[in-house]
Amino acid sequence: MRGNGFVYYGDERHLTNWKNHVLPVFVVLHDPEKMLTLWQRVADHLITYRDDGRWSIDIPADQVLDERADRYLRHGISTDPASIRRFRMAMDLPLIKEVEKRARTEGVFLILDEWVNKTLNFRETKMCFGDPDAEPEYEFLTWRPSSDLNEVMADYFPWLDYQYEREIDDWSGEVEGHTLNVELNTVDFH
C-alpha cells in the first residue's frame, strides 16, 4: 500500500505484451479477506518506469470493481482525468473535424445555459454555425455544478478556445446565457 492506494510492480516483458495488445488491459487486485477488488487500466501515462526494466502502476483505493466501474471498463479507460480527457477527445473527433472545417468559412458559437440559483447550474449547451442566433445544430447535456465557466469548458470542450461573443444574456433572472465565439486550440492531455 502506498498513499491512498496500492502499487502493482511488473517486469518489462509483461508490460510490452500488455501495451501491444489490441484490447485494453487492466490490472485487478483482490483481497479475499476484505472482499475488496480494485482495478487499474494499463496506460503509459499511468506507469512509473525504473532504470532496471521494472515498472509500477498505482491502483487507487477508491477504484473498486463494482457497478460504478462498468462505464470505464466498457470503454477501456481509467478514472484519472487524463484518461477521461483522452476518451472524450476520441469521442468528440467527428465534431472536432466538423468545427475545424466550418470554422474556415463560418463562425462557431456555443451558448451555455447557467442556472444561477441551482446546484447543477450549467445544464445545456448548444452549438451554432454562422450566427449565434441561428437554430442550434448540436445540443449537449452538460449538467455540472461549477462557479467557473473555464472549468466547464475544460471538462466538456478542452479542444476549444473561446471568447465572449456578447454580454451574458439574463433571460429570467434565473438563467444566464453565455454566448461564446469558439475556435479549435492545441490541447495538452495532461
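In this text the structure is predicted, and so the values were computed from the model without any measurement. In this chain, numbering begins with 1 at the start of the sequence shown. The figures that follow rest on heavy atoms only: side chains count, while hydrogens, waters and symmetry mates do not.
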Can you measure from [atom1] ([X]) to [atom2] ([Y]) and round to the nearest 0.5 angstrom?
X	Y	atom1	atom2	answer
Y162	F157	OH	CZ	12.0 Å
I47	D58	CD1	CG	11.0 Å
Y8	L46	OH	CG	15.0 Å
L95	E100	CG	CD	11.5 Å
R41	Q63	CZ	CD	12.0 Å
E174	D113	CD	CG	12.5 Å

Checking V182 against Q163 for the side chain to side chain contact (heavy atoms under 4.5 Å, CB included) test, could you report, in this order, the C-alpha distance in whole Å, the side-chain angles of both residues, the deciding distance, and whether it holds?
CA-CA 7 Å; V182 298; Q163 60 185 6; over 6 Å; no
Within-4.5 Å side-chain heavy-atom neighbours: [X] and [Y]:
X	Y	result
S78	Q40	yes
L149	F122	yes
Y9	R54	yes
H45	D80	yes
Y72	W39	yes
F26	W18	no
I59	V27	yes
M127	V108	yes

So, does [X] use its side chain to make a donor-acceptor pair with the main chain of [Y] at under 3.5 Å?
X	Y	answer
E176	E114	no
S83	T79	no
H75	I77	no
N185	L160	yes

Side chain to side chain contact (heavy atoms under 4.5 Å, CB included) between E137 and R102, intermediate numbers included
CA-CA 12 Å; E137 293 192 35; R102 294 183 73 179; 2.8 Å; yes
Around atom CZ of R50, are there more than 12 heavy atoms from other residues, nucleotides or ligands closer than 6.0 Å?
yes
Just wondering, are more than 12 heavy atoms of other shown residues or ligands nearer than 6.0 Å to CD in E106?
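Result for CD/E106: enclosed.
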Check for me, please, whether [X] and [Y] land in the same ILVMFWY cluster - side-chain distances under 4.5 Å, paths through other members count.
X	Y	answer
L184	V152	yes
L112	V116	no
F87	L93	no

Please find the pair of heavy atoms, one from [X] and one from [Y], that lie closest to each other, and give the distance.
X	Y	value
W55	D11	NE1-O, 2.7 Å
Y156	W159	O-NE1, 4.3 Å
V7	S56	CG1-CB, 3.6 Å
P24	G76	CG-CA, 3.7 Å
T179	P132	CG2-CB, 3.7 Å
A61	L38	O-CD2, 3.4 Å

Mind checking whether H178 and Y164 have parallel, tilted or perpendicular rings, split at 30° and 60°?
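Plane angle between 30° and 60°, so tilted.
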Salt bridge present between R104 and E183 (N-O < 4.0 angstrom)
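Salt bridge absent between R104 and E183.
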How far apart are the C-alpha atoms of R68 and V64, what are their side-chain angles, what is the distance that settles it, and do they pass the side chain to side chain contact (heavy atoms under 4.5 Å, CB included) test?
CA-CA 8 Å; R68 294 171 298 175; V64 177; 4.2 Å; yes
Give a yes-or-no answer on whether the side chains of E139 and T125 include a donor-acceptor pair shorter than 3.5 Å.
no
Could you go through M153 and L180, starting from their C-alpha distance and side-chain angles, then the distance that decides it, and tell me whether this counts as side chain to side chain contact (heavy atoms under 4.5 Å, CB included)?
CA-CA 11 Å; M153 291 298 291; L180 311 176; 4.0 Å; yes
